[in-house]
Amino acid sequence: MSALQTLAEVNISGNLGSIGYGLAAVGPGIGVGIIFGNGTQALARQPEAAGLIRSNQILGFVLCEALALIGLVMPFVYPF
């Protein structure tokens, strides 16, 4: 196998990993939007519960971002 073939295979698998991460980042992005959108509605409807709503928003945001970070790491852990 020539060096050019090896380079082409590495390049293709790297591109597939980046496409996979791009698709994996869509879900947490949508989740964060839903969390903060519904949190804003809840704060507008019931401002006296701001502390509880905000703490639940932060917890949901952290869990969504953890999924995004796992999606970022997986192509490096399990390469093609």
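Atoms considered below: every heavy atom in the structure, side chains included; atoms not considered: hydrogens, waters and symmetry mates. Since the model is a prediction, treat every value here as computed from it, not as a measurement.
Counting only residues at least two apart or on different chains, no ring pair (Phe, Tyr, Trp, His ring centres under 6.0 Å) pair has a member in residues 40-59.
Summarising the geometry of C64 relative to P28, their closest heavy-atom pair is O-CB, 3.4 Å, with the distance given to 0.1 Å.
Remark: Q41 pairs with N38 by the side chain to side chain contact (heavy atoms under 4.5 Å, CB included) rule, at least two apart or across chains. Here A42 pairs with I53 under the side chain to side chain contact (heavy atoms under 4.5 Å, CB included) rule; sequence neighbours left out.
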Cut-off 3.5 Å, no hydrogens considered: what does the side-chain donor-acceptor table look like for residues 54-63, sequence neighbours left out?
unit_1: S55; atom_1: OG; unit_2: G51; atom_2: O; d: 3.3
unit_1: S55; atom_1: OG; unit_2: L52; atom_2: O; d: 2.9
unit_1: N56; atom_1: ND2; unit_2: L52; atom_2: O; d: 3.4

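In this structure, V26 belongs to a hydrophobic cluster whose other members, linked by side-chain heavy atoms under 4.5 Å apart, are I30, I34.
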